[in-house]
There are 2 protein chains.
Amino acid sequence: MSRKEQIDQVATSLFKSRGFAATTMRDLALELGIEAGSLYSHIKSKEDILQRVCFKMADEFNAAFDEVKNQDVPPSEKLRLAIAAHVRVLTKNPPAAGVFLNEWRHLSEPSLGKFHEMRFQYEESLRDIVRAGIATGEFKVTDEKFVVLTLLSSLNWLHMWYKPEGKMSPDDIAEFLSNLLLNGLKNF
Amino acid sequence: MSRKEQIDQVATSLFKSRGFAATTMRDLALELGIEAGSLYSHIKSKEDILQRVCFKMADEFNAAFDEVKNQDVPPSEKLRLAIAAHVRVLTKNPPAAGVFLNEWRHLSEPSLGKFHEMRFQYEESLRDIVRAGIATGEFKVTDEKFVVLTLLSSLNWLHMWYKPEGKMSPDDIAEFLSNLLLNGLKNF
DNA sequence: TACTAAACCAAACGCCTGTTAGCAAATTTG
DNA sequence: CAAATTTGCTAACAGGCGTTTGGTTTAGTA
């Protein structure tokens, strides 16, 4: 792993636990055992790190979802697959997921606009699945926007408590969440 | 409304949109049309504001939940009531809810510890409801911790998109979320 | 060994931060 | 009206911020 990647990784974990604005370059340097100025041999700026983390995660979400998108299965099954893909990315690197989900707002233009659009596209793809399920009658709900919002909400809190050494694997979690959302507490 | 309350309110909306660390006292003063130093005739410190917002919201959540706690209804119905209470608090003041949910980590000890404990108690009360539902066989699920985590996740994203002028009332939202979580997408 | 390139340090830069002090209006109260 | 309190301003403080600069050490290569 290159020094630059190491910086990104340590910064990611600090950004997640303290927040982007509350993490200083001197904190970051201390964690790496070097001086703050030395960081600038490897990176362009503080926001430079944030940009790389955010867009790398965005790419991973898109890549995982692309494998689901064009499968020829019923909407409910496709939603299960999408949830599993999302959970897989989320749990593979919880600190980066946390930064992606909570610190993106510290991006400045034009990165911020680009980020917004990517997220909209991702959500729109999910809404497509729900709309298809409504059309076939498989889903009884009518408001696909609300459903996707709630779906993502319940998934995106995962990085707050997920621990790789816990007893549930990412696939276990995905199955649990799929059952809960599709069948509900009563018919789980 | 006293000047102090006005400061808290404006600060709350800034803390929510920019984050606590990224909001300066000079920003806040500018928004109020006064100088930064003048703020200190009314408040003790920047974190002083954050503390007041966070603990006031915590009190509101507890107060709303207390009215549900001891009602003699089946667990599933009690959960519905708890969800409705939670949503009501969340939508009554979305900026304050946002600060409560995302900025509490900038509290320092001993406030931080006290905050953690209050949240734990709140979550534990919710787990009690789910456990009761499992015991009566009303809920088919086994992991009450996971359920409550997911439940709160889906509720606590609300402040990000809820607009009072929207077409759904807080009660509509609560009913939608209750149906989704209890019955699922398929049996909604 | 001699050369190169990457990694790092020490010091400083200009600016921004929360907060304080002393004083002056303005408003409220008796 | 007079006293007291609230509210605000100006100016400054001490320290922290991201970043730059110029020079030095370290590691790799021929």
Side-chain angles (χ1 to χ4, degrees), chain A residues 1-55 95-96 99 102-112 115, chain B residues 1-55 95-96 99 102-112 115:
Chain A
M1 183 167 55
S2 76
R3 201 66 167 128
K4 185 172 176 180
E5 287 167 336
Q6 193 189 351
I7 291 174
D8 283 357
Q9 185 182 315
V10 174
T12 299
S13 110
L14 286 179
F15 288 172
K16 192 197 169 180
S17 58
R18 312 186 190 177
F20 176 77
T23 302
T24 71
M25 297 305 275
R26 285 166 179 87
D27 288 339
L28 175 53
L30 185 68
E31 204 83 6
L32 289 158
I34 60 176
E35 294 297 314
S38 309
L39 291 165
Y40 290 83
S41 302
H42 308 275
I43 62 161
K44 232 185 79 211
S45 68
K46 190 185 179 187
E47 192 183 326
D48 183 42
I49 305 177
L50 183 63
Q51 281 184 28
R52 237 171 298 131
V53 176
C54 285
F55 285 101
V99 172
N102 294 319
E103 307 299 329
W104 56 265
R105 59 178 165 158
H106 293 105
L107 292 170
S108 52
E109 297 295 355
S111 301
L112 186 59
F115 187 88
Chain B
M1 185 166 55
S2 76
R3 202 63 168 130
K4 185 174 177 179
E5 287 167 334
Q6 193 189 353
I7 290 174
D8 283 356
Q9 185 182 313
V10 174
T12 299
S13 108
L14 286 178
F15 289 171
K16 190 197 171 180
S17 59
R18 312 186 188 177
F20 176 78
T23 301
T24 71
M25 297 305 275
R26 285 166 178 86
D27 289 339
L28 175 53
L30 184 69
E31 203 83 6
L32 289 158
I34 60 177
E35 294 298 313
S38 309
L39 292 166
Y40 290 83
S41 303
H42 308 273
I43 62 161
K44 232 186 79 214
S45 69
K46 191 186 181 188
E47 192 184 323
D48 184 42
I49 304 176
L50 183 63
Q51 282 184 28
R52 235 171 300 130
V53 176
C54 284
F55 286 101
V99 172
N102 294 320
E103 308 298 329
W104 55 266
R105 60 178 166 161
H106 293 105
L107 293 170
S108 52
E109 298 295 355
S111 301
L112 186 59
F115 187 88

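Just so it is clear: chains get the letters A, B, ... in the order the sequence lines come, proteins before strands, and each one is counted from 1.
- The phosphate of C/dT19 (OP1 or OP2) has a side-chain N or O of B/Tyr40 nearer than 4.0 angstrom.
- Judged by distance alone, the side chain of A/Gln51 and the main-chain N or O of A/Ser111 form no donor-acceptor pair under 3.5 Å.
- Contacts with DNA chain D (heavy atom under 4.0 Å) in residues 20-30 of chain B: B/Arg26, listed by number.
- At a threshold of 4.5 Å between non-hydrogen side-chain atoms, the residues A/Ile34 and A/Arg3 count as touching.
- The side chain of A/Ser38 contributes no N or O atom lying less than 4.0 Å from OP1 or OP2 of C/dA7.
- Taking each heavy atom of A/Pro95 and A/Ser13 in turn, the nearest pair found is CB-CA, 4.2 Å.
- Remark: the backbone N or O of B/Val10 is not paired with any side-chain donor or acceptor of B/Glu31 at under 3.5 angstrom.
- Map B/Gly37 and B/Ser2 each onto its nearest nucleotide of DNA chain D; the residue landing nearer the 5' end is B/Ser2.
- Annotation: side chain of A/Ile43 is in contact with side chain of A/Met25 (closest heavy-atom distance under 4.5 Å).
- Once you apply a 4.0 Å limit to the heavy atoms of chain B, the touched nucleotides of DNA chain D run 5' to 3' over D/dT7 to D/dA12.
- Near-neighbour residues of DNA chain D inside residues 44-55 of chain B, defined by a heavy atom below 4.0 Å, are absent.
- In this structure, B/Glu35 reaches the bases: a heavy-atom distance under 4.0 Å links it to at least one base atom across the strands shown.
- A/Lys46 places none of its side-chain heavy atoms less than 4.5 Å from the side chain of A/Leu28.
- Ring geometry for B/Phe115 versus B/Trp104: interplanar angle under 30°, hence parallel rather than tilted (30 to 60°).
- The heavy-atom pair separating B/Ala22 from B/Arg18 by the smallest distance is CB-O, 3.3 Å.
- In summary, A/Lys4 and A/Asp8 do not engage in a salt bridge, as defined by a charged side-chain N under 4.0 Å from a carboxylate O.
- The two residues B/Leu14 and B/Thr23 have their closest heavy-atom pair at O-OG1, 3.4 Å.
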